Undergrad: 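If you scroll down you'll find the structure; I have some questions about it.
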Amino acid sequence: MNISDEEKIETLGAFEISEKMVELAKINAKGNPYLNAGRGNPNWINKKARLAFSRLVEFGIEESERTISDGDLVGYTELEGISKRLVQFLAPQTNETDQFLVLCLDYLKNKLGLDLDDVVKEFIDGVLGNLYPSPNRVLKHTEIILNQYLQSVLYNGVDLANDTTLFPTEGGSAAIVYTFNSLKENKLIKPGDKIAINTPIFTPYLQIPVLNDYELVELDLSSKEEHNWEIDPTTIDKLNDPELKAFFLVNPSNPGSKALDDTALKEIKKAVMNNPDLMIITDDVYGTFVNDFQTVYSVVPFNTLLVYSYSKLFGATGWRLGIIGLHKENVFDKLIKELPSEEQAKLNKRYNLVVLDTEEMSFIDRMVADSRSIGLYHIAGLSTPSQIMEALFSLTHLVVSDISDDYIEASKKLVNERYEKLHAALDYAKDESAKNAKYYSMINIYHLAEEKYGAEFSHYLETHYEQIDFLINLAQKNGIVLMDGVGFGANPGDLRVSEANLPTKDYQKIGQQMLELLNEYYQAFKKQS
Ligand SMILES: *Cc1c(COP(=O)(O)O)cnc(C)c1O
């Protein structure tokens with residue numbers, strides 16, 4: 001590929017570059033097997049919750065047959081005695097899935113104190129999908145369960161489950177889109193406002209066109225060895241800027257795969273004291289991959305909107321399962337109440353179509369309405385089967401949360417093994433800090449070049465080739481697809497390797513192929529010098 005083609009490719013987003021690389025890698029020159037370690041889609045799934053979902057559908061059909069049964073046309077479910085009938089239906093002695101469902105019932109009744117007929121009816125109608133989501137933001141018992149899950153995996157001991165309102169969405173992606181959209185519609189961010197982002201960051205955050213209207217301030221909140229593991233003081237200054245309206249972060253980060261440490265959390269808390277109206281959006285989809293993870297939401301709940309997704313941990317990207325969480329008392333509601341009266345009047349007109357007391361309408365309910373262009377507010381909400389799938393995924397954790405969650409441990413072990421294999425093959429320095437999720441590795445080819453063949457060669461590589469040349473050749477010649485870190489705001493030469501989506505044995509091959517290609521560049525360097 002010539003330089004001008006390479007320059008063109010460099011203008012694309014990281015995901016779009018990756019698609020181009022896939023085309024090249026499939027027909028690679030060396031005839032190697034094509035390996036795509038670019039994408040973050042896991043190659044594992046959680047089986048327990050899926051089997052439980054299927055059992056609930058089977059039981060739901062039997063329930064429906066009780067009221068109307070005319071061939072394939074069957075009826076509706078009845079509340080009275082439904083949980084007893086479910087218990088009779090289940091065969092926990094012979095069926096592991098039923099054992100899990102019995103544990104769930106026990107947990108829902110004895111730990112959460114819920115009325116079992118009510119919950120089972122919600123679950124069964126939910127999986128059958130026979131009713132519009134009602135309430136439209138989130139099903140009643142589902143919200144309680146999801147809150148317990150988020151608290152257990154993300155809050156690190158801080159108790160917020162009863163004070164958090166939830167809006168299940170079509171994946172974390174929709175959560176992000178709805179949030180930006182409603183922030184804008186409600187005039188909470190206006191063109192020209194200063195917004196901080198923790199970089200490098202998941203590209204969509206850099207590519208949402210409305211963000212072009214804002215002054216983006218880049219923050220790197222990772223503590224580094226050269227600063228004695230403290231955060232760079234100039235970064236902290238930026239967070240304390242009184243003109244800063246909002247702060248968006250991915251934690252643990254993507255592509256960096258690192259969670260904020262206690263120092264960073266403390267700095268954020270301080271910044272909020274100086275800047276009490278700061279709006280924080282935290283995307284915590286990788287939280288469960290770090291031991292003792294603590295979300296920013298649990299540190300400054302009044303100021304923070306939480307985004308979570310089931311996609312990664314449960315291998316559920318096709319389901320589209322995400323959540324928006326917001327504290328009952330929050331800065332978003334406060335700022336809406338403080339808007340100038342003419343803005344208020346416009347917003348009242350906007351939401352008056354669907355609610356009477358517009359001024360009292362919370363930001364989270366405005367997001368629900370905005371997600372369906374207001375007019376379809378009454379039929380808004382995530383599909384009920386999807387909401388129950390979220391509840392079941394959550395319950396796989398909740399029923400074992402006071403012992404140890406073997407599933408979460410297995411997921412960490414798997415990405416960890418792949419991380420080890422890749423780093424061993426490359427002989428590349430590992431980051432063993434407790435905050436490393438190891439879901440992705442960042443490998444810098446210039447560092448790698450220097451380690452293997454010295455600084456002069458590394459300099460040659462940097463100055464004689466486009467930064468994307470190595471990535472392209474790795475696909476075109478060797479059949480390996482990685483993700484370009486530059487699109488995420490990382491340094492030139494940073495390549496993101498996903499530890500999620502290939503069989504473990506392939507990570508050694510990826511390392512070997514990277515070294516083989518590097519050696520070819522080295523041979524070219526030796527020839528010319
Ligand atoms: C994968 C990912 C998402 C997308 O989540 P979905 O639920 O699949 O839409 C959101 N944020 C980050 C940082 C991600 O890596």
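When a residue number appears, it is its place in the shown sequence, counting from 1. All values reported here derive from a predicted model rather than from experimental measurement. We count ligands from 1, going down the list as the structure has it; atoms in each ligand are counted the same way.
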Undergrad: Would you please test Leu313 and Val153 for side-chain contact (heavy atoms from CB on, under 4.5 Å) and show each step?
TA: CA-CA 11 Å; Leu313 176 61; Val153 294; over 6 Å; no
Undergrad: Ligand 1 versus Ser173, non-hydrogen atoms closer than 4.0 Å: side chain, backbone, both, neither?
TA: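 For Ser173, backbone and side-chain atoms both sit under 4.0 Å from ligand 1.
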Undergrad: Can you spot which of Asn251, Asp431, Asn436 makes a side-chain hydrogen bond (donor to acceptor under 3.5 Å, both in side chains) with Lys258?
TA: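 Testing each of Asn251, Asp431, Asn436 against Lys258, the sole residue satisfying side-chain hydrogen bond (donor to acceptor under 3.5 Å, both in side chains) is Asp431.
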Undergrad: Nearest to atom 1 (C) of ligand 1, what protein heavy atom do you find, and at what distance?
TA: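 The protein heavy atom lying closest is Lys312 NZ, 1.5 Å.
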Undergrad: Quick one: which ligand 1 atoms are inside 4.0 Å of a heavy atom on Val250?
TA: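 Under 4.0 Å from Val250, ligand 1 has these atoms: 13 (C).
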Undergrad: Where's the contact between Tyr286 and ligand 1, heavy-atom distance under 4.0 Å: side chain, backbone, both or neither?
TA: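 Side chain only; the backbone of Tyr286 stays clear of ligand 1.
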Undergrad: Enumerate the atoms of ligand 1 whose separation from the nearest heavy atom of Gly171 is less than 4.0 angstrom.
TA: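 Heavy-atom distances to Gly171 below 4.0 Å select 7 (O), 9 (O).
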Undergrad: State whether a side-chain donor-acceptor pair under 3.5 Å links Thr142 with Glu122.
TA: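 Judged by distance alone, the side chains do pair up.
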Undergrad: Under the criterion ring-ring contact (aromatic ring centres under 6.0 Å, His included), which of Tyr107, Tyr308, Phe393 is the partner of Tyr149?
TA: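 That would be Tyr308.
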Undergrad: Does Glu417 come within less than 4.0 Å of Lys413, counting only side-chain N to carboxylate O?
TA: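 Here Glu417 pairs with Lys413 in a salt bridge, since their nearest N and O are under 4.0 Å apart.
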Undergrad: Polar contacts were defined as any N/O atom of the residue lying under 3.5 Å from an N/O atom of the ligand; does this apply to Glu170 and ligand 1?
TA: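 No: no nitrogen or oxygen of Glu170 is under 3.5 Å from one in ligand 1.
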Undergrad: Take the angle between the ring planes of His327 and Tyr297 and call it parallel below 30°, perpendicular above 60°, tilted in between.
TA: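 Plane angle between 30° and 60°, so tilted.
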Undergrad: For ligand 1, which is the ligand I care about here, please tell me if Tyr440 has any N or O atom under 3.5 Å from one of the ligand's N or O atoms.
TA: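 So ligand 1 has no N or O lying under 3.5 Å from an N or O of Tyr440.
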Undergrad: Just wondering, are more than 12 heavy atoms of other shown residues or ligands nearer than 6.0 Å to CD in Glu243?
TA: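 Counting neighbours around CD of Glu243, 12 or fewer heavy atoms of other residues, nucleotides or ligands fall under 6.0 Å, so no.
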Undergrad: Which of these, Asp284, Ile201, Asp283, Thr317, has its nearest heavy atom closest to atom 10 (C) of ligand 1?
TA: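 That would be Asp283.
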Undergrad: At the 4.0 Å heavy-atom cut-off, does Arg320 count as touching ligand 1?
TA: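 Yes, Arg320 has heavy atoms under 4.0 Å from ligand 1.
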Undergrad: Decide whether a cation-pi geometry holds between Arg496 and Tyr440; the criteria are a distance under 6.0 Å from NZ or CZ to the six-membered ring centre and an angle within 45° of the ring axis.
TA: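 Verdict for Tyr440: a cation-pi partner in Arg496.
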Undergrad: Students should be able to answer this: which protein heavy-atom is nearest to atom 8 (O) of ligand 1, and at what distance?
TA: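 Sorting protein heavy atoms by distance from atom 8 (O) of ligand 1 puts Ser311 OG, 2.7 Å first.
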Undergrad: At a 4.0 Å threshold, what atoms of ligand 1 neighbour a non-hydrogen atom of Asn254?
TA: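 Those qualifying, in numeric order: 15 (O).
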